[in-house]
> 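Here it is, the structure in full.
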Amino acid sequence: MFDFGIIPPAMFVGMVVFMLYGFPVAFSLAAVGLFFALIGIATGHFSEAFLQALPLRFFGIVSNDLLLAIPFFTFMGAILERCGLAEDLLEGMGKLFGRIPGGLAYAVILVGAVLGAITGTVAASVITMGVISLPIMLRYGYSPRLATGVIAASGTITQVIPPSLVLVVLADQLGKSVGDMYLGAIGPSILQVAIFMGYILVLSIVKPRSMPPLPKDVRGEFTWALILKVLAGMVPSIVLIFLVLGTIFMGLATPTEAGALGVVGAMVLAAMHRRLTWPLVQEAMRSTTHITSMVVMILIGSTCFSLVFQGMDGSRWIEHMLSGIPGGPVGFLIFVNIFIFVLAFFLDFFEIAFIVIPMLAPVASALGIDLIWFGVLICVNMQTSFMHPPFGFALFYLRSIASRDVKTSDIYMGALPWVGMQLILVAIVIFWPQSVTYWLNKGPQVDPNSIKIEVPGFGGNGLSLPPMTAPGGASGIPGLTLPPMNGLPNEAKPATRPTDLSQPPLIK
C-alpha cells in the first residue's frame with residue numbers, strides 16, 4: 001500500500017478528516033492540497049514546478065464551454081419549478097390513473113420522469129411533487145412511508161435521466177462527449193422507471209389498502225376531455241424535451257446551446273401559464289448563481305488537491321491498489337460502487353464527481369472498461385446519495401415541505417425500499433453493460449488490421465518505380481530524357497591533370 005510513499009494515503013485521510021470536521025469542501029480540498037505541497041517540497045517528494053500549472057488550470061475551469069451548460073440547465077429547472085407545468089401534469093395524470101390502486105403513485109413516478117427530462121434538477125422535482133401530491137395522497141389513505149418514499153425516489157430519477165447535471169459533470173471529468181453520456185443513460189433511465197412501477201404493481205396486489213384508488217367524485221369520469229387535458233400538459237413538455245435532448249442527439253446543438261434553447265423554452269412555458277414575472281426570474285437567477293458558484297469553487301479546490309496528489313504519484317498509488325482487486329473489471333466495479341455508496345452518506349454528488357472520479361478513471365481505462373459505461377454506472381449509484389439516510393438531500397427537501405403530521409422516521413423508513421431498488425439497477429448495469437452501450441452510436445465497426453492500401457506504381461506493384469533506363473539506353477519514363485553519365489550534351493570537358501599528393505592544394 002505504501003510502495004509510492006506515505007504522503008498519498010496521508011492526503012486522502014487528511015481530506016476525509018477535514019470534511020468530516022465540517023469545513024466547506026472547496027476550501028478543505030485546496031487547504032489539504034497546498035499543505036501537503038509544502039510538506040512535499042520540504043521533504044523533496046514534490047517539485048514546486050507543478051504549482052506553476054495552477055493558474056492555467058484555474059483559467060481552464062472558468063473558460064470551459066462544456067461547464068457553461070450547468071447554469072443554463074439550472075436556470076431552466078428553476079423557471080419550470082414555478083411555471084405551473086408540474087401541477088397540470090400531476091392533476092391530469094392523477095385523475096387518469098386514480099381509478100386503480102396505486103394510481104397516484106404511478107402518476108408521481110411518470111411525472112417525475114418527465115420533469116427529470118426537462119429540468120435536470122432533483123430539488124425542483126421533489127419539492128414540486130411533494131407540495132402538490134403529498135397532501136392528496138395522505139388525504140385519501142396512502143401510507144405515509146409509501147407516499148414520501150415514492151415522491152423522493154421519483155425526484156431522484158432526475159439524476160439519471162438526461163439532461164442531468166451529474167452527467168454533464170461526469171462527461172467533463174472523464175473527457176467524454178455529453179451527448180454520448182446522455183445516450184448511454186437512456187437504458188438505465190427506462191429500467192429505473194420500470195423497476196419503480198413494478199414495485200408499485202406488486203405492492204398494490206399484496207397491500208392494496210396502503211394505496212387505495214381515488215374516490216369517483218375526485219377523479220371524475222374517464223372522458224375524452226380528461227385525455228385531452230393530459231395531452232395538453234404533455235405536449236409542451238415533449239416539445240421542450242426535443243429542444244433540449246433531441247437537438248443534442250441529432251447533432252444540431254452542443255449541450256451548452258441546447259441548455260440555452262431550454263431556457264428560452266422554459267420562459268415561453270412560464271409565459272403560457274401567465275407566471276413569467278420579474279420576481280420569478282430574479283429568484284431563478286439567484287438560485288442559479290449559488291449553484292454555479294458552488295460548482296466552480298469545488299472545481300478549483302479539487303484542482304489544487306488533484307494536482308498535488310498526482311505530483312506525489314497518488315494516481316499510481318490508486319492504480320496499484322485497485323488493479324490487484326480479485327475479479328478483474330467486474331471486481332473493480334463492485335468495489336468502486338460500494339466505495340461510492342459509502343461516500344455518498346457524507347459527500348454531495350458534485351464532490352464525489354470532482355474528487356473521486358479523476359482518481360478512478362485512469363484505473364478503469366487501464367482495465368479496458370468503457371468510460372461511458374463507467375460514468376453512467378457511477379451516476380446511477382450516486383442517485384442513492386439523495387435517498388439514503390441520514391444525509392439524503394431529497395429527504396431534506398421532503399421534510400421541509402411535509403406537514404408536521406408526517407414523522408421524520410416515516411420519511412427515512414419509507415426511503416429504504418427505494419434505495420434497494422436503486423442498488424438493484426446498479427447491479428443490472430454492472431452485469432449487463434449493453435443496457436448502456438446499446439444506445440451509443442458507434443458507427444461502422446472496421447478492423448484496422450483488415451485495411452489494405454494499394455498505390456498503383458508506374459511499372460510494377462505497390463510503390464515500385466520504373467527503371468531509369470530502358471533496353472537500348474533510352475529512358476524508362478516516357479517523355480523524360482536523361483543526360484549522359486559523362487556530362488550534359490555539348491558541354492566542354494575541363495582539362496584534367498594528374499594530382500600531386502605530395503604538394504598542398506592550389507587555391508586560386
Side-chain angles (χ1 to χ4, degrees), residues 69-93 96 106-126 128-129 154-168 171 177-194 196-197 227-273 275-276 284 376 379 439-441:
I70 292 177
F72 280 134
F73 287 135
T74 305
F75 186 75
M76 179 180 70
I79 292 289
L80 291 173
E81 181 184 344
R82 303 167 179 84
C83 77
L85 177 65
E87 288 89 335
D88 292 347
L89 285 173
L90 278 170
E91 183 182 357
M93 288 283 190
L96 192 63
Y106 290 126
V108 166
I109 293 172
L110 291 175
V111 172
V114 172
L115 287 179
I118 59 177
T119 64
T121 54
V122 174
S125 299
V126 174
T128 302
M129 291 189 296
S154 59
T156 58
I157 300 177
T158 304
Q159 289 285 94
V160 182
I161 295 180
S164 166
L165 294 182
V166 184
L167 293 171
V168 176
S177 163
V178 175
D180 286 344
M181 292 292 288
Y182 282 174
L183 284 170
I186 292 177
S189 303
I190 296 173
L191 287 173
Q192 188 72 91
V193 173
F196 285 173
M197 296 189 72
I227 297 175
L228 291 175
K229 183 177 181 179
V230 174
L231 290 177
M234 291 292 293
V235 169
S237 305
I238 294 172
V239 172
L240 190 56
I241 290 171
F242 173 76
L243 281 176
V244 176
L245 298 179
T247 52
I248 296 176
F249 294 156
M250 297 173 64
L252 300 177
T254 64
T256 303
E257 295 166 346
L261 286 173
V263 168
V264 174
M267 297 184 75
V268 169
L269 281 179
M272 289 172 56
H273 288 83
R275 295 191 182 183
L276 184 62
V376 173
C379 181
W439 302 89
L440 299 178
N441 182 16

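As a basis for the values below, the full set of heavy atoms in this structure was taken, side chains included, without hydrogen atoms, waters or symmetry mates. Note that the coordinates shown come from a computational prediction; the quantities given were computed from them, not determined experimentally.
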> Using atom types as modelled and distance alone, determine if a side-chain donor or acceptor of Q159 lies under 3.5 Å from a backbone N or O of T156.
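Absent.
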
> How close do V126 and G155 get, heavy atom to heavy atom, and via which atoms?
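Minimum heavy-atom separation between V126 and G155: CG2-CA, 3.7 Å.
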
> So, do V376 and P188 sit near enough that their side-chain heavy atoms are less than 4.5 Å apart?
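With C-beta onward as the side chain, the pair touches.
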
> Could you pull out the closest heavy-atom pair between V168 and A69, with the gap in Å?
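Minimum heavy-atom separation between V168 and A69: CG1-CB, 4.4 Å.
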
> Just verifying a value: how many Å separate I248 CD1 and L243 CG, rounded to the nearest 0.5 Å?
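Answer for the CD1-CG pair, I248 versus L243, is 11.0 Å.
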
> Does V263 form a side chain to side chain contact (heavy atoms under 4.5 Å, CB included) with I79? I'd like the steps, not just the answer.
CA-CA 8 Å; V263 168; I79 292 289; over 6 Å; no

> Give, for atom CG of L245 and atom CG of L261, the distance between the pair rounded to the nearest 0.5 Å.
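Separation between the atoms: 11.5 Å.
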
> Of all the heavy-atom pairs spanning A258 and T247, show the shortest one and how long it is.
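Answer, listing the atom of A258 first, then T247: CB-OG1, 3.8 Å.
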
> For residues L269 and M272, determine if any side-chain heavy atom of one lies less than 4.5 Å from a side-chain heavy atom of the other.
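A side-chain contact under 4.5 Å exists here.
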
> When rounded to the nearest 0.5 angstrom, what distance separates CG in L115 from CG in L110?
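Rounded to the nearest 0.5 Å, the CG-CG separation comes to 11.0 Å.
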
> Once rounded to the nearest 0.5 Å, what's the spacing between atom CD1 of I157 and atom OG of S164?
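One gets 12.0 Å once the value is rounded to the nearest 0.5 Å.
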
> Taking all atoms of both residues into account, what is the closest heavy-atom pair of G262 and L240, and its distance?
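Looking at all heavy atoms of both residues, the closest pair is O-CD1, 3.8 Å.
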
> For residues F75 and A284, report the shortest heavy-atom separation together with the two atoms involved.
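In this case the closest contact between F75 and A284 is CE1-CB, 3.6 Å.
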
> Passes side chain to side chain contact (heavy atoms under 4.5 Å, CB included), I186 versus Y182? Steps please.
CA-CA 7 Å; I186 292 177; Y182 282 174; over 6 Å; no

> Work out which heavy atom in M197 is nearest to a heavy atom in I109; give both atom names and the distance.
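Reported closest heavy-atom pair: CG-CG2, 3.9 Å.
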
